[in-house]
Amino acid sequence: MKVSEFDYELPPELIAQEPVEPRDASRLMVLHRKTKKIEHRIFREIVEYLEPDDLLVLNVSKVIPARLYAKKKTGAHIEILLLDRLEEGIWRCLVKLGQKVKKGTELLIDNNLSAVCLDRSEDGTRILEFRPKNDDLILKKGKAPLPPYIKKEVPLDRYQTVYAKENGSVAAPTAGLHFTPELIEKLKEKGVEFAEIVLHVGIGTFRPVKVEEVEKHRMHEEYYRVPREAVRKIRETKEKGKRVVAVGTTTVRTLETIARLPEQEEYAGKTDLFIYPPFEFKMVDALITNFHLPRSTLLMLVAAFAGKDFIMEAYREAVKRRYRFFSFGDAMLIL
């Protein structure tokens, strides 16, 4: 399958530069897989589509302030994106203008913090040792790791779900950005159940696909954890014949990863599961997601879930109706 099959025309002005206020006022496109019907609603109206004992599964990973700005001794400006903490003060990083950062290169962040490049990995990332080796100080200096297509500065708390708890992501699980505490309360009052899992969003989720054939792409591993309480709720939901509704593609990848493992009371590990058509979904019955970049692994995942032709038709419809795209854009509910 060619990556080009997941391309579509997107006018640049439809790329959302800032979030809608309030969060649940974004638009919601509802796709019905069986009938191929498309509806246009507002996100807070999602209450109408969920039933008592349906289970909403949330990724409670929290975005860290992973973007740092530094200078070389030559004065060249360097942008650092923290990816993985290897130990206190030592991180695997993505470095913009990385060809200029070789082993031994020193980077000055400010008078109190600097870094030195210890090594260069095959995938182009760098291992940086910060001085002092103090993670609290490093994160204090960091800013929201907004995607490069967002040109405005947005505070980190607005690039965070209202239910984020566990530090570790370098990009937001964006489907969850549409929920407000009030909307969650309304869903609970209706009898909708909630479960929490963790997948720390890393470079694998947003790195571009550089091969021509989909099957040749390899995902980077990302850490996930599904606690005992979530496992129990998922099993009970399935036994009742109700729906497991994944909030976001990261939740889908986590749930479909554990669906392929021997049954356990809780799960933790790393996943490099790459979901693209055709794919047999064993766990997820419905999906809340955003509108994703052309040719991305996220678009391939939703195409596997809803059907490629139907998804590409929905995206053309979204462009025509001027939906807002990507991280701060509108939402889609696939039933």
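These numbers come from a predicted model, not from an experiment. The first residue of the sequence shown is numbered 1, and numbering continues consecutively from there.
Criterion: ILVMFWY side-chain heavy atoms under 4.5 Å apart, direct or through other members. Under it, I311 and L301 are part of a common hydrophobic cluster. L81 and L128 fall within the same hydrophobic cluster, where Ile, Leu, Val, Met, Phe, Trp and Tyr residues are linked whenever their side-chain heavy atoms come under 4.5 Å apart, directly or through other members. Residue M300 is grouped with residue M1 when hydrophobic side chains (ILVMFWY) are merged at heavy-atom distances under 4.5 angstrom, including chains of intermediate members.
Residues C93 and L83 share a closest heavy-atom pair of C-CD1, 4.0 Å. When every heavy atom of P22 is checked against every heavy atom of R44, the shortest pair comes out as CG-NH2, 3.8 Å. Closest non-hydrogen pair, G329 versus N290, comes out as O-ND2, 3.9 Å. Residues Y159 and V63 approach most closely at O-CG2, 3.6 Å, considering heavy atoms. In terms of heavy-atom proximity, H292 sits nearest to T249 at NE2-CG2, 3.9 Å. Pairing each heavy atom of F310 with each of K37, the nearest pair is CZ-O, 3.8 Å.
For K242 and D53, the salt-bridge test fails: no basic side-chain N is under 4.0 Å from an acidic carboxylate O. Taking 4.0 Å as the cut-off between side-chain N and carboxylate O, E189 and K186 do not count as a salt-bridged pair. Taking the charged nitrogens against the carboxylate oxygens, E236 and K233 have no contact shorter than 4.0 Å, which rules out a salt bridge. In this structure, K62 does not pair ionically with E166, as no charged nitrogen and carboxylate oxygen lie closer than 4.0 Å. Checked for salt-bridge contact, K238 and D285 meet the test: a charged N lies under 4.0 Å from a carboxylate O. Ionic pairing of R322 and E13 is present here: one or more N-O contacts between side-chain nitrogen and carboxylate oxygen are shorter than 4.0 angstrom.
With D330 contributing its side chain and R324 its backbone, the two residues share a donor-acceptor pair below 3.5 Å.
Inter-residue side-chain proximity for K73 and L108 is flagged as unmet; no heavy-atom pair is nearer than 4.5 Å. In this structure, the side chains of K96 and I78 stay at 4.5 Å or more apart for every pair of heavy atoms. A heavy-atom distance below 4.5 Å is not found between the side chains of M29 and R41. In this structure, the side chains of K190 and V47 come closer than 4.5 Å at one or more pairs of heavy atoms. In this structure, the side chains of R218 and D272 stay at 4.5 Å or more apart for every pair of heavy atoms. Two residues are said to be in side-chain contact when any heavy atoms from C-beta on lie closer than 4.5 Å; K102 and R120 fail this criterion. Annotation: side chain of K188 is not in contact with side chain of V192 (no heavy-atom distance under 4.5 Å). Using a 4.5 Å heavy-atom cutoff, the side chains of Y49 and V30 are in contact.
By the salt bridge (charged side-chain N to carboxylate O under 4.0 Å, His left out) test, E196 pairs with K165, sequence neighbours left out. K133 is linked by a side-chain contact (heavy atoms from CB on, under 4.5 Å) to E87, I90, E129, counting only residues two or more places apart in sequence or in another chain. The side chain to side chain donor-acceptor pair (under 3.5 Å) check on Y149 picks up S327, with sequence neighbours excluded. In terms of the side-chain contact (heavy atoms from CB on, under 4.5 Å) criterion, residue partners of V154 (sequence neighbours excluded) are, by chain and number, P19, L146, R158, F328. Looking at residues two or more places apart in sequence or on another chain, you find no side chain to side chain donor-acceptor pair (under 3.5 Å) involving T161. With sequence neighbours left out, H178 forms a ring pair (Phe, Tyr, Trp, His ring centres under 6.0 Å) with F43. K308 meets the side chain to side chain donor-acceptor pair (under 3.5 Å) test with E5; sequence neighbours excluded. Not counting sequence neighbours, E122 has no partner by the side-chain contact (heavy atoms from CB on, under 4.5 Å) test. Contacts of E88 classified as side chain to side chain donor-acceptor pair (under 3.5 Å), with partners at least two apart in sequence or in another chain: R85. Looking at residues two or more places apart in sequence or on another chain, you find a side-chain contact (heavy atoms from CB on, under 4.5 Å) between E182 and T180.
The side-chain tip of K270 does not point at the ring of Y223 from less than 6.0 angstrom away and within 45° of straight on. In this structure, R295 forms no cation-pi arrangement with F6, as its terminal cationic atom is not both closer than 6.0 Å to the ring centre and no more than 45° off the ring axis.
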Can you give the donor-acceptor pairs under 3.5 Å from side chains of residues 110-117 to other protein atoms, not counting sequence neighbours?
unit_1, atom_1, unit_2, atom_2, d
D110, OD1, N112, N, 2.8
D110, OD1, L113, N, 2.9
D110, OD2, K141, NZ, 2.7

Pair up each side-chain donor or acceptor in residues 251-265 with any protein partner under 3.5 Å, not counting sequence neighbours, and list the distances.
unit_1, atom_1, unit_2, atom_2, d
T251, OG1, V247, O, 2.9
R253, NE, L273, O, 2.8
R253, NH1, E222, OE1, 2.5
R253, NH2, L273, O, 3.3
T254, OG1, T250, O, 2.9
E256, OE1, R260, NH1, 2.9
E256, OE1, K282, N, 2.9
E256, OE2, K282, N, 3.4
E256, OE2, M283, N, 2.9
E256, OE2, V284, N, 3.0
T257, OG1, R253, O, 2.6
T257, OG1, T271, OG1, 2.8
R260, NH1, E256, O, 2.8
R260, NH2, E280, O, 2.5
Q264, NE2, P262, O, 3.4
E265, OE1, R228, NH1, 2.5

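With F291 as reference, Y315 is the one residue of F326, Y315, Y8 to meet the ring-ring contact (aromatic ring centres under 6.0 Å, His included) rule.
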